[in-house]
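Everything numeric in this text was worked out from a predicted model, so none of it was measured. Here, residue 1 is the first one in the sequence, and each next residue gets the next number.
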Amino acid sequence: MSTPTINPAMQAALNQMQDLAGQAAGAAVPRAGGQNLDTTVGSGGFSEALQSSLERINQMQTDAGDKAKAFQAGEPGVSLHDTMITGQKASIAFEMGVQMRNRLVSAYKDVMNMQV
């Protein structure tokens, strides 16, 4: 199996999320009493989970495309219903990823517009 390539739409979403995370990571938020709250994003946690989810979505889309090509080529053992189910799973996963990105961007904008 070849190395999976990232769908351009997924890459754009990933780039946008990484830009937002970079903007948020560099900020120190002032608190009462003159102290600064460090907002540096630590290793692991949410960012790794997000990256892992995007990679799984991309892998599902790649697998769906491969299965569709195999079905079209008439390979034995590849049924139409399995091909359609795999395609629908990939489609639903992609839509979930888009909605997650939209909500993250909306939450980021809400936080940035808050009065301190």
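- Criterion: ILVMFWY side-chain heavy atoms under 4.5 Å apart, direct or through other members. Under it, V78 and M84 are part of a common hydrophobic cluster.
- Counting heavy atoms from C-beta outward, F46 and L104 have side chains that approach closer than 4.5 Å.
- With rounding to the nearest 0.5 angstrom, the CD atom of Q59 is 8.0 Å from the CG atom of D66.
- Closest heavy-atom contact between M60 and A93: SD-CB, 3.8 Å.
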> Should S47 and Q51 be marked as a side chain to side chain contact (heavy atoms under 4.5 Å, CB included) after you check the CA-CA gap, both sets of side-chain angles, and the distance that decides it?
Replying inline: CA-CA 6 Å; S47 63; Q51 178 69 29; over 6 Å; no
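- When side chains are defined from C-beta on, K67 does not count as touching F71, because their heavy atoms never get closer than 4.5 Å.
- Looking only at atom types and distance, the side chain of S53 has a donor-acceptor partner in the side chain of R56 under 3.5 Å away.
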> When you look at L54 and N58, which way does the side chain to side chain contact (heavy atoms under 4.5 Å, CB included) test go after all the steps?
Replying inline: CA-CA 6 Å; L54 291 174; N58 186 55; over 6 Å; no
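- For D82, the side chain to side chain donor-acceptor pair (under 3.5 Å) criterion is met by S79, not counting sequence neighbours.
- The two residues A64 and G87 make their nearest non-hydrogen contact at CB-CA, 3.9 Å.
- Among the candidates E95, M96, M100, the single residue satisfying the side-chain contact (heavy atoms from CB on, under 4.5 Å) test with I57 is M96.
- Side-chain contact check for R101 versus V98: some heavy-atom pair is nearer than 4.5 Å.
- Although no hydrogens or angles enter the test, the distance criterion places a donor-acceptor pair under 3.5 Å between the side chain of N113 and the main chain of K109.
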